[in-house]
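Values below: all heavy atoms of this structure, side chains included; hydrogens, waters and symmetry mates excluded.
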Amino acid sequence: MTIAAATIMLTLPGCIAKTALDVATLPVRAGAQAADWATTSQEESDRNYGRRMRKQEAREARERKQAEEQRRRECKRAGYRDCY
């Protein structure tokens, strides 16, 4: 029993110090996490830019295809046979 009490007494100050350190650094860690959530990393920015560019290219391709189909319809309506 005495050995157990001595062991507890020796480890208790380290435990209290660790808890005090955790409590003291909590606001700093919370602030760092909030800053991380509020900012955009370069990798995330690049990924978002790539997604926007792919959507824009797909939209432009659809518009080109529609314009080409419209041109062919107009060509055929005008009476031409070779409307490519």
Asker: Do Gln56 and Arg59 pair up side chain to side chain, a donor and an acceptor below 3.5 Å, judged on atom types alone?
Answerer: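 Short answer, no.
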Asker: Tell me every residue that passes side chain to side chain contact (heavy atoms under 4.5 Å, CB included) with Arg72, counting only those two or more places apart in sequence or in another chain.
Answerer: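 Counting only residues at least two positions away or on another chain, Arg72 forms a side chain to side chain contact (heavy atoms under 4.5 Å, CB included) with Glu68.
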Asker: To the nearest 0.5 angstrom, please state how far the CD atom of Glu74 sits from the SG atom of Cys83.
Answerer: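 Reported to 0.5 Å precision, the distance equals 10.0 Å.
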Asker: Run the side chain to side chain contact (heavy atoms under 4.5 Å, CB included) test against Arg64 and tell me which residues pass, sequence neighbours left out.
Answerer: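 With neighbours one apart ignored, the set is Glu60, Ala61.
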Asker: Test of understanding: with side chain to side chain contact (heavy atoms under 4.5 Å, CB included), list the residues that count as partners of Gln66, not counting sequence neighbours.
Answerer: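 Side chain to side chain contact (heavy atoms under 4.5 Å, CB included) check on Gln66 returns nothing, list empty.
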Asker: According to side chain to side chain donor-acceptor pair (under 3.5 Å), who are the partners of Glu57, at least two apart in sequence or on a separate chain?
Answerer: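 With sequence neighbours excluded, Glu57 shows a side chain to side chain donor-acceptor pair (under 3.5 Å) to no residue whatsoever.
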Asker: Taking only residues two or more places apart in sequence, or in another chain, which ones meet Gln42 in a side chain to side chain contact (heavy atoms under 4.5 Å, CB included)?
Answerer: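 Gln42 satisfies side chain to side chain contact (heavy atoms under 4.5 Å, CB included) with Asp46 only.
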Asker: Count the heavy atoms of every other residue, nucleotide or ligand shown that sit under 6.0 Å from CD of Glu43, and state whether that count exceeds 12.
Answerer: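 Counting neighbours around CD of Glu43, 12 or fewer heavy atoms of other residues, nucleotides or ligands fall under 6.0 Å, so no.
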Asker: Using side chain to side chain donor-acceptor pair (under 3.5 Å) as the criterion, list what pairs up with Arg81, not counting sequence neighbours.
Answerer: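 Expected list: none.
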